[in-house]
Amino acid sequence: MAKVIGAVVIDTARCKGCELCVVACPTDVLALQPKEVNDRGYHFAYTANPDACIGCASCATVCPDACFTVYRQVIK
Amino acid sequence: MNTQDIIKPENLVASRPRLFTDAITHYCPGCSHGVVHRLVAELIDEMGLTDRTVGIAPVGCAVFAYNYIDVDWVEAAHGRAPAVATAISRLNPENFVFTYQGDGDLSAIGCAETIHAANRGENIVIIFINNAIYGMTGGQMAPTTLLGMKTATCPYGRREDLNGYPLPISNLLAQLDGTCYVTRQAVHTPAAVRTAKKALKHAIENALAKRGTSVVEFVSTCNSGWKMTPAQANDWMAEHMFAKYPLGDLKNRQD
Ligand SMILES: Cc1ncc(C[n+]2csc(CCOP(=O)(O)OP(=O)(O)O)c2C)c(N)n1
Ligand code: SF4
Ligand code: SF4
Ligand code: SF4
């Protein structure tokens, strides 16, 4: 059966740590950095569990700061 | 297969809109304004309207919208965006002209301009961000504030005997012969964002086809003013705002 795999790149400098992408991701790929912050003081989003990504772009769809680039590939 | 192998141009499915400038927005983390901005920027680009779009920015949190979406803009005095849009669309009928307004701007100080522009059936799109509060000035009560909802100027909650009722301005606008399309949308989930994008696209098509005024209300959050986290604000909106401001088309005339 064909398998869909995805990958995201997050513009962490732009991220405001709002967590909306974390809530929207159906496969729990994303989390906020618990300690580290970006230059503007926000606990930015990162891919805590990148292998689970299915490239659905839900994160990009809800991110108010357009931080996401999403890739998807079908493996036959 | 590892992540780096998937990151190739032919696998790209979503990215930052081309019409977004590099500026980091001044919006609070999680504010609905950013998501709606993205829909506006994507549609103008996808519909090939970049060179003939004029946006009218409001007074309110979206006052700097012109710094974020790279099309032509005019900044209107508080509430006067529909009047400015009227002039621009009449003088330049080949342009796509839209206003972008909060509920304070559109339904309080600019209520008259909004109603009359819609009643004249100006060929514009009114993008209406209803977060039930004056976000920019510190979270005062707006005409749209829900009964019982606490704001800086009704700290014990809005009372009908003292403050009157929440104003469903889109329902009023739908009554007017000048409006061809009035719809209520939200951007709190991926599915809602996709539906909202289709609605906004339809509104833009109406303006291009000179069908009259289209109003796209986005029931929105102001998590700072509501004193919640962004995720809590989305849940609160779905639970409380949608009861007074239900999502869906209020009017869709096709002629
Ligand atoms: C003539 C005038 N009156 C009052 C103000 C103060 N003021 C600035 S923004 C605003 C309300 C904004 O609320 P809204 O339109 O709901 O937008 P939001 O900030 O929530 O996006 C007010 C009353 C002003 N700038 N000019
Ligand atoms: S693309 Fe989908 S699965 Fe991947 S991180 Fe974003 S929301 Fe999660
Ligand atoms: S939705 Fe965007 S701004 Fe918010 S935490 Fe995720 S990447 Fe950061
Ligand atoms: S005050 Fe409210 S409307 Fe304004 S940017 Fe912050 S969250 Fe958004």
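Just so it is clear, the structure is predicted and the values come from calculations on it, not from any experiment. Naming: A, B, ... by sequence-line order, numbering from 1 per chain.
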Aromatic contact between [X] and [Y], with the criterion being ring centroids under 6.0 Å apart: yes or no?
X      : Y      : answer
B:H240 : B:Y245 : no
B:Y27  : B:H37  : yes
B:F98  : B:F96  : yes
B:W73  : B:F64  : no

Does any non-hydrogen side-chain atom of [Y] lie less than 4.5 Å from one of [X]?
X      : Y      : value
B:Y68  : B:D22  : no
B:W226 : B:C222 : yes
B:Q232 : B:T229 : yes

Need one label for [X]: side chain, backbone, both or neither, based on atoms under 4.5 Å from any heavy atom in chain B.
X     : value
A:V23 : side chain
A:C56 : backbone
A:V9  : side chain

Given a strict heavy-atom distance threshold of 4.5 Å, which part of [X] is in contact with chain A: side chain, backbone, both, or neither?
X      : result
B:T189 : backbone
B:R38  : side chain
B:A196 : neither

Go through [options] and name the one with the most non-hydrogen pairs under 4.5 angstrom from chain A.
options                      : result
B:N234, B:V187, B:L39, B:V35 : B:V35
B:S15, B:A41, B:P230, B:A231 : B:P230
B:P190, B:G34, B:A192        : B:P190
B:A191, B:G30, B:P9, B:A14   : B:A14

So which of [options] has the biggest tally of heavy-atom pairs under 4.5 Å with chain B?
options             : value
A:E19, A:R40, A:R72 : A:R72
A:D65, A:V8, A:T47  : A:D65
A:P64, A:C18, A:S58 : A:P64

Keeping B:H26 on the side-chain end and B:C61 on the backbone end, is there a donor-acceptor pair under 3.5 Å?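 Here the side-chain-to-backbone pair exists.
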
Are B:R18 and B:D45 within salt-bridge range, i.e. N to O under 4.0 Å?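 Yes, B:R18 and B:D45 are salt-bridged.
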
